[in-house]
Amino acid sequence: MTQPKTWFRWNNKNSYSIAALMPLIDAGLASEPKDGIMLYSFATSQAEEIYSEVSGAAADAVYIAGGPHPSAMPEEVLEHFDFVVVGEGEETLPELIRAITDGRDPGMVKGIAYKSQGLICFTEKRAPVNLDLYPPFTTILAPIEISRGCPWGCTYCQTPRLFGRCMRHRSIPVISRFARRHKDIRFTSPNSLAYGSDGRRPRLEKVRALLEELSEQKKPIYFGTFPSEVRPDFVSDEALEIITQHCANKTISLGGQSGSPAVLKSIGRGHGRLEIESACEHILDHGLVPQVDLIFGLPMESAEDQQMTLDLARWIEGKGGKVRAHRFMPLPGTPLWEKKPAPLSSDAEALLGRLALKGRLTGAWGRKIRAEKEEIV
């Protein structure tokens with residue numbers, strides 16, 4: 001009997017996920033559904049478009065979904081898909097594909113959700129993976145994921161819900177081996193300066209050891225920049241000296257999120273506004289540019305809170321920093337999932353527009369989010 005062909009549904013937004021899973025699965029890349037086994041990885045912003053594609057597809061396929069949105073909303077996703085990989089896929093997905101192709105009971109595979117006789121079934125939860133056992137990429141290059149998980153549990157963020165609150169790290173030898181594939185070395189991490197630590201207190205000796213090892217490859221290193229970032233309370237003179245000594249980046253991506261102390265406390269950031277300002281000043285003192293993420297429209301945000309965040313944006317711009325502004329988008333599986341975003345004031349719209357025109361602001365601040373279109377009338 002001919003085994004069904006397996007396909008990843010490729011798009012630019014899921015390339016990092018595919019890069020990590022391609023080494024583990026014999027699969028091709030498809031720009032549309034094909035016969036066989038179709039694998040999708042997607043976030044909430046892509047969900048409706050993908051549901052429409054799958055529902056209208058003529059391909060004779062088994063459809064498997066994974067990623068942030070399916071992991072958080074398996075019941076919804078199973079209205080369109082046959083299986084959902086809940087959480088990390090490195091162990092679960094290859095085992096599920098083998099079960100399907102061999103005709104075995106998929107209910108024996110840990111870490112999935114599926115329908116059986118009209119009922120939704122969840123199998124036993126799988127333990128977190130050891131990152132060193134799985135390559136971050138092979139044929140499709142991607143930034144090297146050095147850490148996974150986050151202990152802080154910010155109420156808007158999916159990371160601790162998807163990957164757990166215990167940080168795990170790839171070892172320096174494994175990171176170094178895959179860094180040799182890159183012309184310049186970039187990373188993904190919830191907090192680059194937390195490398196080697198529990199995520200609550202930095203262990204800069206681990207960061208130093210990592211960057212010293214990679215420096216021997218004599219190629220540019222970009223640490224603490226997009227698609228990674230650092231927490232303000234992890235920024236120090238010692239940390240920045242390590243970065244400027246070994247790295248090529250001229251910016252540091254900083255997760256600030258709000259200028260309101262009350263909002264920062266409510267969302268569980270674990271730091272205040274003073275830490276954001278102090279981190280920016282330290283970064284500037286070391287000849288780097290802080291690029292600060294700010295979220296506008298968090299549900300608990302009052303007009304006064306929003307004004308504080310605008311004031312912080314002005315302060316950052318005045319100091320010579322940059323702002324990456326985002327409108328709050330409720331994400332499934334988080335405590336703020338069903339909360340309505342606070343409205344953006346005309347002052348906020350005007351200031352953010354001016355900063356964007358001056359080249360001091362980037363991000364998705366002008367994007368209308370799905371929740372705003374679903375107001376009850």
Can a salt bridge be assigned to the pair [X] and [Y] using a cut-off of 4.0 Å between side-chain N and carboxylate O?
{"X": "D293", "Y": "R324", "answer": "yes"}
{"X": "R327", "Y": "E349", "answer": "yes"}
{"X": "R126", "Y": "E88", "answer": "no"}
{"X": "E49", "Y": "R9", "answer": "no"}
{"X": "D198", "Y": "R200", "answer": "no"}
{"X": "K110", "Y": "E95", "answer": "no"}

Between [X] and [Y], which heavy-atom pair has the shortest distance, and what is it?
{"X": "C280", "Y": "W315", "answer": "CB-CZ3, 3.8 Å"}
{"X": "I175", "Y": "I146", "answer": "CD1-CG2, 3.6 Å"}
{"X": "T309", "Y": "S258", "answer": "OG1-OG, 3.3 Å"}
{"X": "T155", "Y": "P335", "answer": "O-CD, 3.2 Å"}
{"X": "R201", "Y": "S197", "answer": "O-CB, 3.1 Å"}
{"X": "P190", "Y": "S147", "answer": "CD-O, 3.7 Å"}

Handout entry: Cation-aromatic face contact R161/W337, 6.0 Å, 45 degrees
Key =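 The answer is no, since R161 fails at least one limit relative to W337.
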When you measure from the side chain of [X] to the backbone of [Y], do you find a donor-acceptor pair of N or O atoms at a distance under 3.5 Å?
{"X": "T101", "Y": "R98", "answer": "yes"}
{"X": "R170", "Y": "E145", "answer": "yes"}
{"X": "S253", "Y": "F226", "answer": "yes"}
{"X": "S215", "Y": "L211", "answer": "yes"}
{"X": "S71", "Y": "G67", "answer": "yes"}
{"X": "R168", "Y": "F163", "answer": "yes"}
{"X": "E213", "Y": "A209", "answer": "no"}
{"X": "S192", "Y": "S189", "answer": "no"}
{"X": "H282", "Y": "S236", "answer": "no"}
{"X": "R273", "Y": "G259", "answer": "yes"}

Does one side chain, of [X] or [Y], offer a donor that lies under 3.5 Å from an acceptor on the other?
{"X": "Y51", "Y": "E79", "value": "no"}
{"X": "T251", "Y": "Q291", "value": "no"}
{"X": "N14", "Y": "S17", "value": "no"}
{"X": "N249", "Y": "T225", "value": "no"}
{"X": "T244", "Y": "H286", "value": "no"}
{"X": "H69", "Y": "Q158", "value": "no"}

Can [Y] be reached from [X] by stepping across I, L, V, M, F, W or Y side chains whose heavy atoms are under 4.5 Å apart?
{"X": "I97", "Y": "I18", "value": "yes"}
{"X": "Y134", "Y": "I144", "value": "no"}
{"X": "L21", "Y": "V77", "value": "no"}
{"X": "L96", "Y": "F81", "value": "no"}
{"X": "W10", "Y": "I37", "value": "yes"}

Please say whether more than 12 non-hydrogen atoms of neighbouring residues, nucleotides or ligands are located less than 6.0 Å from [atom1] in [X].
{"X": "K219", "atom1": "NZ", "result": "yes"}
{"X": "E75", "atom1": "CD", "result": "yes"}
{"X": "K206", "atom1": "NZ", "result": "no"}
{"X": "D105", "atom1": "CG", "result": "yes"}

Flag side-chain contact, heavy atom, 4.5 Å: [X] against [Y]:
{"X": "F296", "Y": "L310", "result": "yes"}
{"X": "V292", "Y": "L312", "result": "no"}
{"X": "K322", "Y": "I316", "result": "no"}
{"X": "L214", "Y": "I172", "result": "no"}
{"X": "P23", "Y": "F137", "result": "no"}
{"X": "P74", "Y": "I120", "result": "no"}
{"X": "I100", "Y": "I64", "result": "yes"}
{"X": "T159", "Y": "R148", "result": "no"}

Exercise for the section: Identify which one of Y195, F223, Y222, F178 satisfies the ring pair (Phe, Tyr, Trp, His ring centres under 6.0 Å) criterion when paired with F187. Expected result: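 When Y195, F223, Y222, F178 are each tested with F187, the ring pair (Phe, Tyr, Trp, His ring centres under 6.0 Å) holds only for F223.
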Practice task
Would you check, one step at a time, whether the test side chain to side chain donor-acceptor pair (under 3.5 Å) holds for S302 with D305?
Solution key: CA-CA 5 Å; S302 67; D305 292 324; 3.0 Å; yes
Exercise for the section: For the pair Y114 and F83, name the ring-plane relationship: parallel under 30°, tilted 30 to 60°, perpendicular over 60°. Expected result: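 Tilted.
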Exercise for the section: Please work out whether the ring planes of Y63 and Y40 are parallel, tilted or perpendicular, with thresholds of 30° and 60°. Expected result: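 It falls in the tilted class, 30° to 60°.
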Exercise for the section: Output, in order, the C-alpha distance, side-chain angles, deciding distance and verdict of side chain to side chain donor-acceptor pair (under 3.5 Å) for Q217 and S176. Expected result: CA-CA 9 Å; Q217 299 188 21; S176 181; 3.2 Å; yes
Handout entry: Audit row: Y156, F328, ring pair (Phe, Tyr, Trp, His ring centres under 6.0 Å) steps and yes/no
Key = CA-CA 8 Å; Y156 59 85; F328 167 71; 7.8 Å; no
Practice task
Test side chain to side chain contact (heavy atoms under 4.5 Å, CB included) on L240 and V235 and set out the steps.
Solution key: CA-CA 7 Å; L240 292 166; V235 173; 3.8 Å; yes
Exercise for the section: Under the ring pair (Phe, Tyr, Trp, His ring centres under 6.0 Å) rule, what do H271 and F234 come out as? Steps first, then yes or no, please. Expected result: CA-CA 10 Å; H271 65 75; F234 276 60; over 10 Å; no
